[in-house]
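Note that these values count all heavy atoms, side chains included, but never hydrogens, waters or copies made by symmetry.
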Amino acid sequence: MSLERTLSIVKPDGVEKNLIGEVVRRFEAAGLRVAGARMLHLSRRQAEGFYAVHQARPFFASLVEFMTSGPCFVMVLEGDGAILKVRDLMGATDPAKAAPGTIRKDFASSIERNVVHGSDGPDTARFETGYFFAEFELARRGGAA
Ligand code: GDP
């Protein structure tokens, strides 16, 4: 596996449920390191830009509404195979279909209010990391570029 960086977000429902620590704990327990993190209340424009790939989907307006409804906790994680590792820990988009022991299975209340986001591939991870963090804001412990 190669050393990767990926972007994860504890979404407004996860922050509201006081799950920031639990989500970070699960990532750290899986061997991932936090390279950067901050609280952020997304503007409508920021949420629309972040989810631009979904703008033609019927749930886009609702998703933007949800993501701007309260503060988020955005973080960059790094580690071997970080992108897939975060996806595995999150579970399927729809909590009803998520595997036991995943974050979404344990805490999500619907397909939209599903507590956590994680980049779905290397190109997305690069775009999403750069969307919220400048390079100088990220710790470089594992040598990731
Ligand atoms: P993810 O990569 O598992 O987060 O899923 P997607 O990239 O497909 O969708 C992005 C986000 O849009 C999801 O995490 C949900 O918050 C939301 N979403 C996805 N599918 C649906 C849907 O069918 N209905 C609604 N209301 N929201 C959805």
Self-check item: Separation of Thr93 OG1 from Glu112 CD (nearest 0.5 Å)
Solution: 12.0 Å

Self-check item: Note: Asp80-Arg33 ion pair, threshold 4.0 Å (strictly below)
Solution: no

Practice problem: Take Lys105 and Asp94 through the salt bridge (charged side-chain N to carboxylate O under 4.0 Å, His left out) test and state the conclusion after the steps. | Solution: CA-CA 8 Å; Lys105 182 68 173 185; Asp94 182 351; over 6 Å; no

Exercise. Group every Ile, Leu, Val, Met, Phe, Trp and Tyr by side-chain heavy-atom contacts under 4.5 Å, then state whether Tyr51 and Val116 land in the same group.
Key: no

Quiz prompt | Residue list, ring pair (Phe, Tyr, Trp, His ring centres under 6.0 Å) with Phe133, at least two apart or on another chain | solution = none

Exercise. Treat each ILVMFWY residue as a node, draw an edge where side-chain heavy atoms are under 4.5 Å apart, and state whether Phe132 and Phe66 are in one component.
Key: yes

Self-check item: Heavy-atom donor-acceptor pair, Arg87 side chain to Gly118 backbone, under 3.5 Å
Solution: yes

Self-check item: Check: Lys11 main-chain N/O paired with His117 side-chain donor or acceptor under 3.5 Å
Solution: no

Quiz item: In terms of hydrophobic clustering (I, L, V, M, F, W, Y; side-chain heavy atoms under 4.5 Å; direct or indirect links), are Leu40 and Phe50 co-clustered?
Solution: yes

Quiz prompt | Straight-line distance of Glu135 CD to Thr129 OG1, nearest 0.5 Å | solution = 9.5 Å

Practice problem: Look at Glu22 together with Arg25 and state whether they make a salt bridge at an N to O cut-off of under 4.0 Å. | Solution: yes

Quiz item: Taking the side chain from Thr102 and the backbone from Ala98, do they hold a donor-acceptor pair closer than 3.5 Å?
Solution: no

Exercise. Could you please spell out the steps behind the side chain to side chain contact (heavy atoms under 4.5 Å, CB included) verdict for Val34 and Phe27?
Key: CA-CA 9 Å; Val34 177; Phe27 290 154; over 6 Å; no

Practice problem: Given side chain to side chain contact (heavy atoms under 4.5 Å, CB included), test Met39 with Val74 step by step and report yes or no. | Solution: CA-CA 6 Å; Met39 294 299 297; Val74 293; over 6 Å; no

Quiz item: Taking all non-hydrogen atoms of both residues, which atom of Arg5 and which atom of Leu138 are closest, and how far apart?
Solution: NH1-CD1, 3.6 Å

Practice problem: Any chance you could measure Glu78, atom CD, to Thr6, atom OG1, to the nearest 0.5 Å? | Solution: 11.5 Å

Practice problem: With rounding to the nearest 0.5 Å, note down the distance linking OG in Ser8 to CD in Glu128. | Solution: 9.5 Å

Quiz item: Is the side chain of Asn114 donor-acceptor paired with the backbone N or O of Ile111 at a distance under 3.5 Å, no angle test?
Solution: yes

Practice problem: Taking ring pair (Phe, Tyr, Trp, His ring centres under 6.0 Å) as the test, write out the residues that go with Phe60, two or more places apart. | Solution: none

Exercise. Apply side chain to side chain contact (heavy atoms under 4.5 Å, CB included) to the pair Leu77 and Glu4, showing each step before the final yes or no.
Key: CA-CA 8 Å; Leu77 298 156; Glu4 293 175 337; over 6 Å; no

Exercise. Rounded to the nearest 0.5 Å, what's the gap from OG1 on Thr68 to CZ on Arg44? Could you check?
Key: 5.0 Å

Quiz item: Going only through I, L, V, M, F, W and Y residues with side-chain contacts under 4.5 Å, is there a path from Leu84 to Leu89?
Solution: no

Self-check item: Side-chain touch His41/Cys72, heavy atoms, less than 4.5 angstrom
Solution: no

Quiz item: Atom NZ of Lys85 and atom CE of Met90: how far apart are they, to the nearest 0.5 Å?
Solution: 15.5 Å

Quiz item: Going hydrophobic residue to hydrophobic residue with side-chain gaps under 4.5 angstrom, can you get from Leu7 over to Phe73?
Solution: no

